[in-house]
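Notes follow once the structure below has been shown.
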Amino acid sequence: MKNLVLALSFLTGIALASPLNAQSAADVVSAYSEAMGGKANWAKMKNMKAVVNVNFGGQFELEAVQQVEAPNKSRFDAAIQGKTIVEAFDGKTAWSINPFESGDKAVQKTPEESNESLENEFPDALMFYKERGHKIELLGQEDVEGAKCHKIKLVHAVTGGESHHFIDVENHALIMTRTFPKNGQMKGAVIDNVYSDYAEQNGLMIALSSVQKMNGEPFMTTTVKKVEFNVKIDKKFFDFPGGK
C-alpha cells in the first residue's frame, strides 16, 4: 500500500495508449509497495511464519501455522481433533496430508494443481512483478468494501494465470485480491480475499485479518496472532515426503 498520484502527460494517438496505461499501472504498484514497507525491505525477507486462527463461517474454528519461503514454497499445518492436516508446496510439487481422508500418508496433487501453486509467491507477485516477468495492466477503478480502488490485472509469467488486485486510491493499501482457480476443489469459482486491520511488523505492513469469499459468499476468516520473519526452517520442511 503506497503513495500515488503522479501527473500523467496527455499523449495523443492510439499507438501510445498501451504504454501510457502500463506506466499508470506501474505507478500504482510502486505506491502500493512503498505503503507496505518498501520493496527493498521486503526483499530481505526470505521466509515468514505466522500463527493464525481460522474460522469457517462460525461453524468451527482452528489454530494453524502458515509458513512460506521465497519465492513460492509454502506449508499450512492445522490441528483438528488431535490430528494434523497439511497443505504444502515445495516449489515443484503440491501435496497434502489429510488423516480424515487418506490417513497419515502424504498425497501428491495433480500436475495442474502444482503448476497453479506457483502463483502463490512470497514476497507477493504484484510487488515484484517486474523482476519475475509478470505482466500488469490498470483496469480502471472500482469500489470495494466501501473504498475506491485501483484495479490491477496481473498475468503470471509461468502459468499464464490471471489475478486482480484492488489498491486503495487514498492510502494505497491492498484491499482485495481476486483469483480464478482452474484446478482443485475450487475450480471454476471466483475467490476473493478481503484484507483489513493492517499493523506494522518489523517495519512492514501486515494485514492481520482476511475474509475469503467464494463467488461473493464469505466462508472463511483468518486472523493473524503472531508473525515472524527469517526464522530457521529445515531444508526439507516443505518437501513432498514421498519423493519426486
Side-chain angles (χ1 to χ4, degrees), residues 46-122 124-125 156 158-161 163 177-194 207-215 217-244:
K46 305 307 178 184
N47 63 53
M48 182 178 73
K49 178 180 180 180
V51 177
V52 300
N53 178 272
V54 185
N55 187 298
F56 294 87
Q59 300 300 311
F60 71 96
E61 62 180 23
L62 54 82
E63 186 169 287
V65 177
Q66 172 97 51
Q67 298 189 67
V68 294
E69 183 173 277
N72 49 36
K73 294 182 179 181
S74 66
R75 179 163 168 166
F76 180 88
D77 293 72
I80 304 176
Q81 299 177 12
K83 299 180 182 295
T84 301
I85 290 179
V86 179
E87 291 285 336
F89 180 62
D90 62 14
K92 294 183 179 180
T93 302
W95 58 275
S96 65
I97 298 176
N98 189 338
F100 301 99
E101 292 183 358
S102 55
D104 295 327
K105 181 180 179 180
V107 177
Q108 184 173 337
K109 297 191 177 183
T110 67
E112 291 77 16
E113 289 175 291
S114 293
N115 187 62
E116 199 164 72
S117 294
L118 290 167
E119 297 172 12
N120 300 320
E121 298 179 354
F122 175 82
D124 76 81
H156 196 275
V158 178
T159 69
S163 57
T177 58
R178 175 170 290 159
T179 55
F180 311 89
K182 296 180 180 179
N183 303 283
Q185 295 180 339
M186 294 184 177
K187 179 180 178 179
V190 176
I191 305 299
D192 292 336
N193 278 287
V194 182
L208 300 182
S209 180
S210 63
V211 177
Q212 192 171 69
K213 302 179 181 181
M214 179 186 292
N215 298 328
E217 294 296 323
F219 72 92
M220 185 174 77
T221 300
T222 302
T223 303
V224 178
K225 301 174 67 176
K226 181 181 179 181
V227 178
E228 297 177 275
F229 293 98
N230 293 340
V231 300
K232 185 176 181 180
I233 300 179
D234 186 279
K235 291 183 179 180
K236 297 182 178 181
F237 179 70
F238 298 99
D239 291 353
F240 174 55
K244 304 295 188 294

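Both backbone and side-chain heavy atoms feed into the values below; hydrogens, waters and symmetry mates do not. The structure displayed is predicted, hence computed values, not measured ones.
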Practice problem: Check Asp104, Ile97, Asn98, Asp77 against Thr84 for a side-chain contact (heavy atoms from CB on, under 4.5 Å) and give me the one that passes. | Solution: Asp77
Quiz item: What are the two closest non-hydrogen atoms of Gln66 and Phe76, and how far apart are they?
Solution: OE1-CD1, 3.3 Å
Quiz item: Side chains of Pro181 and Lys187: does their closest heavy-atom pair fall under 4.5 Å?
Solution: no
Quiz prompt | side-chain contact (heavy atoms from CB on, under 4.5 Å) involving Val158 - partner list, sequence neighbours excluded | solution = Leu118, His156
Quiz prompt | Heavy-atom closest contact (Asn55 atom, Gly58 atom, distance) | solution = OD1-N, 2.7 Å
Quiz item: Distance-only, no hydrogens or angles: does the Ser114 side chain make a donor-acceptor pair with backbone N or O of Ala94 under 3.5 Å?
Solution: yes
Quiz prompt | Partner set under side-chain hydrogen bond (donor to acceptor under 3.5 Å, both in side chains) for Lys49, not counting sequence neighbours | solution = none
Quiz item: Which atom names give the shortest non-hydrogen contact between Thr179 and Ser163, and what distance separates them?
Solution: CG2-CB, 4.1 Å
Quiz prompt | CD-CE distance between Glu113 and Met186, expressed to the nearest 0.5 angstrom | solution = 11.5 Å
Practice problem: Check salt bridge (charged side-chain N to carboxylate O under 4.0 Å, His left out) between Glu112 and all other residues, then give those that pass, not counting sequence neighbours. | Solution: none
Quiz item: Looking at CZ of Arg178 and CG of Asn193, how far apart are the two atoms once the value is rounded to the nearest 0.5 Å?
Solution: 11.0 Å
Quiz item: Parallel, tilted or perpendicular for Phe240 and Trp95, by the 30°/60° rule?
Solution: tilted
Quiz item: Are side-chain heavy atoms of Ser74 and Asn120 found at a separation under 4.5 Å?
Solution: no
Quiz prompt | Between CG on residue Asn72 and CZ on residue Phe122, distance to nearest 0.5 Å | solution = 12.0 Å
Quiz item: Can you tell if the side chain of Lys225 reaches within under 4.5 Å of the side chain of Asn53, non-hydrogen atoms only?
Solution: yes
Quiz item: Does any non-hydrogen side-chain atom of Thr159 lie less than 4.5 Å from one of Glu116?
Solution: no
Quiz item: Given side chains that start at C-beta, do those of Glu69 and Phe237 come closer than 4.5 Å, heavy atoms only?
Solution: no
Quiz item: How many angstroms lie between atom CD1 of Ile191 and atom CE of Met214, to the nearest 0.5 angstrom?
Solution: 4.5 Å
Exercise. Find the distance between CE (Met48) and CD (Glu228) and round it off to the nearest 0.5 Å.
Key: 11.0 Å
Exercise. Taking all non-hydrogen atoms of both residues into account, name the closest pair between Pro218 and Val211 and its distance.
Key: CB-CG1, 4.0 Å
Self-check item: Spacing of Arg75 atom CZ and Glu87 atom CD [to the nearest 0.5 Å]
Solution: 11.0 Å
Quiz prompt | Sidechain-backbone polar pair: Asn47 side chain, Val68 backbone, donor-acceptor under 3.5 Å | solution = no
